[in-house]
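What you are looking at is a predicted structure, and each value in this text was computed from that prediction instead of being measured. In listed order, ligands and their atoms are each counted from 1. Every heavy atom of this structure was used, including side-chain atoms; hydrogens, water molecules and symmetry mates were not.
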Amino acid sequence: MDIQEWEQRHTDAFYNVKGALPYLEGMFVAYNSNIDAIKHLTDKDLSKLIGLFNEAEIQARVETYPREIKEPLDFAARLLISMREGKAAEIPTYTSDIHEWLKENLGFDYARMGGQAGIISNLLASLGLNKVVAYIPWLSKEQAEYFVASDNLLHPKVEGEKVVLKPPKKAFKPGAESKVNWIFEYSRDLEITCGGSKFRVPRDNRLIISSRPKWLRLDMDREIYEHLDSLLPIDGAILSGYQMIKEQYEDGSTYRDYVCHSVKAIEKLKSLNPELRIHVELTSIQNRVIRKAILTEIIAKHVHSLGLDTVEVANALNVLGHEELSYSVIKKEENGITSLYHGAVQLLKDLSLERVHVHSLGFYICILAKGHPLTLKEHRDALLFSSTLAGAKALNGKIENLEEAEAGLEVPISSKGLEDLENFKLYCVGKKLCTPEEFEYGYLYGADHDAVLIPSKVVNQPKATVGIGDAISAGAFAAMLARMKQSQSRE
Ligand code: ADP
């Protein structure tokens with residue numbers, strides 16, 4: 001594949017999509033956002049922290065390997081374990097007590113927007129979409145501060161009998177608590193002495209305390225559901241956060257209740273605008289019952305488009321009964337891309353989708369059901385646009401406007417990604433899935449589906465990697481919808 005040609009295609013696609021974005025009237029983005037509080041731990045922080053406890057008690061707690069943070073001692077113990085091994089860990093906490101304690105005793109260096117819907121709303125508003133309607137069921141005053149202050153970013157608010165759209169800072173729920181995840185980063189070579197044991201941190205890594213407060217419900221307020229038409233006009237919806245659904249709640253409700261409400265919200269959105277497209281952004285879901293319910297009950301038949309990374313393709317295939325395919329996707333051997341392609345096609349079929357967009361480091365694959373209104377070239381432009389967004393985000397750690405997005409064009413295409421695609425080309429041409437010429441364009445025409453494959457831009461030493469996957473999926477979906485609206489306006 002010709003790298004220069006693909007660089008040029010990235011540039012052309014960026015300007016094509018930029019020209020189409022104004023045709024989009026609005027995008028709805030729900031449900032999850034949180035605050036990420038980041039603290040880089042120094043020697044001083046660590047001696048202060050250890051000094052707050054009896055060292056023998058910390059050691060005793062290390063032995064019990066707490067799987068949940070119930071009190072500060074659990075945190076101290078899990079931090080020591082993570083640092084001793086230099087191994088990343090994410091541990092849940094179900095109350096906000098530890099948040100208060102950490103704020104008082106350690107503090108954070110900085111805080112940022114976290115959660116897929118929060119990250120995606122900010123990105124789309126920064127790209128200058130006419131209207132982005134974010135909806136976070138637990139929007140607190142503190143959380144609202146993390147949304148970009150821009151006239152095109154709004155949030156529904158119940159006022160008397162009506163639902164009105166307001167800037168998030170004016171739409172929060174008074175008294176709502178915040179969901180704050182703490183991210184503790186540490187560097188290699190820190191020396192730790194505690195309760196007679198001494199070690200040196202083997203590598204840079206981090207410990208995350210993820211907040212799962214009991215009040216958290218993935219649901220839509222009744223009044224907002226009743227007045228969903230107040231959000232219009234919207235052309236599409238990007239939904240995420242379903243991983244927060246739990247099997248059982250203390251009040252007796254179960255995941256079935258929330259799955260059912262989620263489907264109703266989707267169906268209502270579609271009934272308000274039959275042209276509306278729904279995209280679900282998937283992330284890691286540990287619980288298999290929930291993973292399967294989300295795939296087969298919320299996504300299948302109800303949504304149009306799915307965005308996910310390679311690990312999620314394997315996880316999804318696994319609960320859908322395709323263990324062998326799932327295993328070969330996760331093994332990531334030389335023919336990993338072939339398995340990934342077949343896996344994505346399988347998801348399109350099993351879940352009756354219109355579009356499955358898989359992002360990997362160095363290339364993206366998008367599987368399309370036959371009969372989609374856009375051409376493969378237009379779909380390819382949408383993917384290339386999102387690759388430029390990924391480049392910009394990895395390069396500068398942020399995208400605050402379209403000019404900053406354009407900086408992604410400077411990032412080179414991944415040579416590893418091109419190599420993976422070259423390998424896949426041999427397979428496709430050998431199996432007569434396409435001609436070598438079609439593959440050069442990134443197009444595959446199957447019997448019951450089509451596909452677009454692109455090599456993507458990758459930053460060697462990224463400034464940040466959080467939320468790049470979200471930017472890729474949301475960027476490509478918005479670009480695709482914008483092109484659809486643009487062609488409709490020409491008809
Ligand atoms: P997250 O949820 O943190 O965004 P994902 O696994 O969903 O993580 O997405 C990560 C994606 O971001 C990868 O699939 C890859 O395409 C992209 N990506 C990761 N690192 C870089 C980088 N340095 N440069 C460009 N793209 C990157």
Side-chain angles (χ1 to χ4, degrees), residues 6-7 10 14 29 32-34 36 38 88 90 112-124 181 183 185 206 208 210 238-244 279-286 305-316 329-330 332 336-337 340-341 343-344 356-366 382-399 404-421 452-477:
W6 281 103
E7 292 288 6
H10 268 88
F14 185 83
V29 186
N32 60 329
S33 84
N34 59 263
D36 284 340
I38 296 111
E90 182 166 345
R112 65 176 176 225
M113 173 67 96
Q116 297 150 297
I119 291 171
I120 291 172
S121 315
N122 278 350
L123 172 76
L124 296 181
N181 292 340
I183 302 170
E185 300 171 340
R206 62 188 186 181
I208 301 177
S210 74
I238 301 181
L239 306 176
S240 58
Y242 294 118
Q243 68 274 12
M244 289 178 181
H279 175 92
V280 166
E281 190 55 24
L282 214 57
T283 188
S284 148
I285 308 162
Q286 298 305 327
S305 168
L306 181 66
L308 67 182
D309 67 13
T310 53
V311 175
E312 290 321 312
V313 171
N315 288 343
V329 169
I330 213 77
K332 285 193 175 168
I337 183 167
L340 192 60
Y341 166 77
V356 175
H357 178 181
V358 182
H359 50 80
S360 181
L361 193 63
F363 64 86
Y364 308 159
I365 300 179
C366 185
L383 297 192
L384 292 166
F385 176 75
S386 70
S387 157
T388 302
L389 294 184
K393 190 140 179 164
L395 187 67
N396 296 318
K398 62 183 176 71
I399 298 177
E404 289 189 11
E406 199 171 337
L409 290 174
E410 303 300 320
V411 174
I413 287 172
S414 156
S415 48
K416 170 76 173 63
L418 271 178
E419 195 184 305
D420 287 335
L421 289 179
V452 176
L453 298 109
I454 67 151
S456 71
K457 293 181 174 275
V458 170
V459 176
N460 276 335
Q461 288 184 314
K463 201 164 218 175
T465 55
V466 181
I468 300 186
D470 302 335
I472 296 169
S473 294
F477 180 68

request  = Consider only side-chain N and O atoms of Asn34 and Asn32, and report whether a donor and an acceptor are under 3.5 Å apart.
outcome  = no
ask   = Is any N or O atom of Ala390, backbone or side chain, closer than 3.5 Å to an N or O atom of ligand 1?
value = no
query = Looking at ligand 1, does any of its N/O atoms fall within less than 3.5 Å of an N/O of Val459?
reply = yes
query = Quick one: are Glu90 and Arg206 in side-chain contact, heavy atoms under 4.5 Å?
reply = no
note = heavy-atom search around atom 12 (O) of ligand 1 in the protein gives Ile468 CG2, 3.3 Å
query = Name the one of Val458, Ile337, Val358 that satisfies side chain to side chain contact (heavy atoms under 4.5 Å, CB included) with Phe363?
reply = Ile337
key: Atom indices of ligand 1 within 4.0 angstrom of Asp309 heavy atoms, with elements   = 5 (P), 6 (O), 7 (O)
ask   = So which of Thr310, Ile119, Val358, Leu361 gets nearest to atom 27 (C) of ligand 1, if we judge by its closest heavy atom?
value = Leu361
note = Near Pro462 (heavy-atom distance under 4.0 Å), the atoms of ligand 1 are 23 (N)
key: Any donor-acceptor pair under 3.5 Å from Asp309 side chain to Val311 backbone   = yes
key: Close N or O approach (Gly469, ligand 1; < 3.5 Å)   = yes
task = Run the numbers for me: atoms of ligand 1, each under 4.0 Å from some heavy atom of Asp470, listed by number.
result = 4 (O)
ask   = His359: what forms a ring-ring contact (aromatic ring centres under 6.0 Å, His included) with it, not counting sequence neighbours?
value = none
ask   = Looking at side-chain heavy atoms only, is the closest gap between Leu389 and Ile472 below 4.5 Å?
value = no
key: Nearest-contact summary for atom 7 (O) of ligand 1 - protein heavy atom, Å   = His359 CE1, 3.3 Å
note = If we number the atoms of ligand 1 from 1 as shown, the ones under 4.0 Å from a heavy atom of Lys457 are 25 (C), 26 (N)
Report, one line per pair, each donor and acceptor closer than 3.5 Å where one atom sits in a side chain of residues 463-470; sequence neighbours left out.
none

request  = Say whether Ser360, considering both its backbone and side-chain N or O atoms, lies within less than 3.5 Å of an N or O atom on ligand 1.
outcome  = yes
query = Would a line drawn from the ring center of Phe477 to the ring center of His357 be shorter than 6.0 Å?
reply = no
Atom indices of ligand 1, in the order listed, that fall short of 4.0 Å to a heavy atom of Gly467 = 3 (O), 4 (O)
Atoms of ligand 1, numbered as shown, that sit under 4.0 Å from any heavy atom of Ile472 = 12 (O), 16 (O), 17 (C)
ask   = Are Leu308 and Leu306 side-chain neighbours, meaning at least one heavy-atom pair lies under 4.5 Å?
value = yes
